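This one's a predicted model, so the numbers in the text were calculated from it and none came from an experiment. We count residues from 1, following the sequence as given.
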Amino acid sequence: MGAEVSKQVGRRKAIDTQKKSLCDLKEKNGCNFPGYDYHVQDRKNWMSTLAPEKLHVNQIVWPGTHDSATNEIGIPFISRPFAQCQSLSIYQQLVTGVRVLDIRVQEDRRVCHGILLCYHVDVVINDVKKFLSETHSEIIILEIRTEFGHDDPPDFDKYLEAELGEFLIHQDDNVFNKTIAELLPKRIICIWKPGKSPQPRQGSPLWSSCYLKDNWLDTDLPEKKFESNMKYLSEQPPITSRKFFYRVENTVTPQADNPVLWVKPVTERIHPYARLFIMECISRGYGDRIQIFSSDFIDEDFVDACIGLTNARIEGKL
């Protein structure tokens with residue numbers, strides 16, 4: 001018992017020390033990266049605001065959400081806090097400016113996070129289509145994967161093509177160098193990551209898993225995750241030569257041996273340092289590599305930071 005208490009005291013000290021390190025770095029270096037003070041008036045249509053004929057796919061800093069469809073997961077106040085990573089619906093996220101969605105499904109097409117269940121994936125698809133019907137030039141990256149430990153939904157590729165066919169941008173390496181205007185009226189890059197089923201092929205309406213990469217570190221320590229994200233990002237090719245999307249997730253994860261197991265209080269350890277991460281990317285020479293930037297419990301400030309950096313790229317300030 002004493003050893004366990006000592007261990008938890010040590011972990012708490014480590015967390016506090018790492019939070020202080022990030023806080024001190026923020027105070028020392030600030031967060032005044034190119035575009036930091038840009039505030040779009042209409043987040044729902046921010047790509048339109050930045051001019052689709054000028055905005056190239058590989059210039060965009062895409063605001064994304066981690067475990068996007070978990071706003072109604074599990075049982076409220078009982079199991080939900082252990083798996084909920086977003087409080088907004090998919091439609092609300094898109095209106096807020098999110099343009100990359102991370103959806104996990106199981107065999108019966110219900111959204112899930114581990115063993116906890118949420119609504120049917122139809123809810124996600126309907127929210128996406130509602131948003132697209134209300135906008136004209138917004139492009140979405142929709143990643144749908146079979147959750148680890150679950151079987152693939154039967155014929156799920158056919159389902160996605162039937163539901164989203166008119167909007168799907170076909171798998172093509174040339175997309176990365178195109179402007180948003182050149183992609184329209186197609187609106188969705190849909191990346192389907194099955195567990196065992198065949199991957200989508202080149203030219204398919206769906207994109208294979210190799211087109212969206214990340215390096216996930218399972219930790220609840222904020223500075224450790226911050227520096228791990230930076231290290232892996234530094235190893236990526238510049239966006240101008242990259243033929244895949246690379247995602248950095250500004251999140252930390254509850255650990256089973258820690259008494260704090262709810263997602264929100266744990267992810268708050270790193271959430272305030274999203275702008276600092278962008279600033280450090282630029283100051284360390286990796287500003288030409290950040291592309292998809294995702295968060296738990298997305299907010300407008302996070303979205304504005306991504307849009308501001310995107311606008312700075314268009315204006316040649318980066």
Side-chain angles (χ1 to χ4, degrees), residues 14-40 46 58-68 85-86 93 96-100 102 141 212-239 242 245-253 263-313 317-318:
I15 291 166
D16 290 343
T17 298
Q18 294 202 11
K19 287 169 64 177
K20 186 178 186 305
S21 293
L22 291 176
C23 185
D24 290 347
L25 186 63
K26 185 176 182 179
E27 187 172 327
K28 176 184 176 183
N29 294 345
C31 298
N32 295 353
F33 54 83
Y36 80 98
D37 55 351
Y38 184 86
H39 297 290
V40 66
W46 68 263
N58 62 11
Q59 288 180 306
I60 299 169
V61 181
W62 301 76
T65 47
H66 166 245
D67 260 312
S68 306
C85 298
Q86 307 297 331
Q93 290 175 42
T96 302
V98 169
R99 294 295 177 266
V100 181
D102 161 23
I141 298 176
L212 201 166
K213 301 180 182 182
D214 54 29
N215 293 96
W216 177 257
L217 178 67
D218 186 13
T219 182
D220 63 352
L221 298 174
E223 186 184 24
K224 184 177 180 181
K225 183 63 176 287
F226 188 98
E227 293 299 337
S228 172
N229 282 343
M230 193 70 67
K231 173 184 178 293
Y232 285 120
L233 182 64
S234 74
E235 296 169 354
Q236 304 308 312
I239 52 174
R242 191 187 299 162
F245 296 101
Y246 186 77
R247 174 171 53 202
V248 172
E249 294 189 310
N250 190 60
T251 62
V252 285
T253 312
V263 174
K264 191 160 191 177
V266 172
T267 204
E268 282 297 326
R269 298 170 187 168
I270 199 170
H271 194 273
Y273 303 107
R275 285 179 175 267
L276 175 64
F277 185 84
I278 294 175
M279 181 65 192
E280 288 298 301
C281 280
I282 295 168
S283 66
R284 299 186 198 186
Y286 314 136
D288 62 346
R289 303 178 196 192
I290 188 167
Q291 189 172 40
I292 295 176
F293 198 29
S294 293
S295 177
D296 287 331
F297 298 99
I298 194 78
D299 58 29
E300 293 176 348
D301 185 71
F302 187 97
V303 170
D304 285 352
C306 296
I307 299 172
L309 188 59
T310 301
N311 188 61
R313 283 177 171 170
K317 296 178 180 178
L318 187 62

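- Ion pairing between a basic and an acidic side chain is recognised when a charged N comes within 4.0 Å of a carboxylate O; Lys20 and Asp16 show no such pairing.
- Here the closest non-hydrogen pair linking Val252 and Pro222 is CG1-CA, 3.9 Å.
- One finds the OG1 atom of Thr65 at 6.5 Å from the CD1 atom of Ile298 (value rounded to the nearest 0.5 Å).
- Rounding to the nearest 0.5 angstrom, the gap separating the CD atom in Gln291 from the CG atom in Asp214 is 12.0 Å.
- The aromatic rings of Phe226 and Phe277 stand perpendicular to each other, their planes meeting at an angle above 60°, with 30° marking the opposite boundary.
- Smallest separation of non-hydrogen atoms from Leu233 and Arg289: CD1-O, 3.4 Å.
- Between Lys213 and Glu235 there is no salt bridge, since no side-chain N of the basic residue sits under 4.0 Å from a carboxylate O of the acidic one.
- In plain terms, the two heavy atoms of Val266 and Thr253 that are nearest each other are CG1-C, 3.9 Å.
- Just one residue in the list Asp299, Asp37, Asp304, Asp301 forms a salt bridge (Lys or Arg N to Asp or Glu O under 4.0 Å) with Arg275, and that residue is Asp301.
- Remark: side-chain polar atoms of Arg247 are not paired, donor with acceptor, to backbone N or O of Ser294 under 3.5 angstrom.
- Ala312 and Pro34 get closest at one heavy-atom pair: CB-O, 3.5 Å.
- Of all the heavy atoms in Val263 and Cys85, the pair that sits closest is CG1-SG, 4.1 Å.
- Distance CD1/Ile270 to NZ/Lys19: 11.5 Å, rounded to 0.5 Å.
- For Ser228 (side chain) and Lys224 (main-chain N/O), no donor-acceptor pair under 3.5 Å exists by modelled atom type.
- Listed for the Arg313 side chain is a donor-acceptor partner under 3.5 Å among the backbone atoms of Gln59.
- Judged by distance alone, with hydrogens and angles left aside, the side-chain atoms of Lys225 form a donor-acceptor pair with the main-chain N or O of Thr251 at under 3.5 Å.
- Side-chain contact between Leu25 and Tyr273: absent, with no pair of heavy atoms (C-beta onward) separated by less than 4.5 Å.
- Using cut-offs of 30° and 60° on the angle between ring planes, the pair Trp62 and Phe245 is perpendicular.
- Formation of a donor-acceptor pair under 3.5 Å by the Trp46 side chain with backbone atoms of Gly97 is found in this model.
- With Thr96 contributing its side chain and Glu300 its backbone, the two residues share no donor-acceptor pair below 3.5 Å.
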Are Ser234 and Arg284 close enough, and set up right, to give a side-chain contact (heavy atoms from CB on, under 4.5 Å), and what steps lead you there?
-> CA-CA 9 Å; Ser234 74; Arg284 299 186 198 186; over 6 Å; no

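- Using modelled atom types and a 3.5 Å distance limit, the side chains of Tyr246 and Asn215 yield a donor-acceptor pair.
- Checked by atom type and distance alone, the side chain of Asp67 never pairs as donor or acceptor with a backbone atom of Asp102 at under 3.5 Å.
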Step-by-step side-chain contact (heavy atoms from CB on, under 4.5 Å) determination, Phe293 to Leu309 = CA-CA 11 Å; Phe293 198 29; Leu309 188 59; over 6 Å; no

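- To the nearest 0.5 Å, the span separating CG on Asn311 from CD1 on Ile60 amounts to 12.0 Å.
- When all heavy atoms of Ile307 and Val40 are compared, the pair lying nearest together is CD1-CG1, 3.7 Å.
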Applying side-chain contact (heavy atoms from CB on, under 4.5 Å), run through Leu221 and Ile15 and close with a yes or a no.
-> CA-CA 6 Å; Leu221 298 174; Ile15 291 166; 3.7 Å; yes

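- Gln86 places a side-chain N or O within 3.5 Å of a backbone atom of Phe297 that can act as its donor or acceptor partner.
- To the nearest 0.5 Å, the span separating CD on Glu280 from CD1 on Ile290 amounts to 12.0 Å.
- Counting non-hydrogen atoms of other residues, nucleotides and ligands closer than 6.0 Å to OH of Tyr38 gives a total above 12.
- Atom CG of Asp288 sits about 8.5 Å away from atom CZ of Arg242, to the nearest 0.5 Å.
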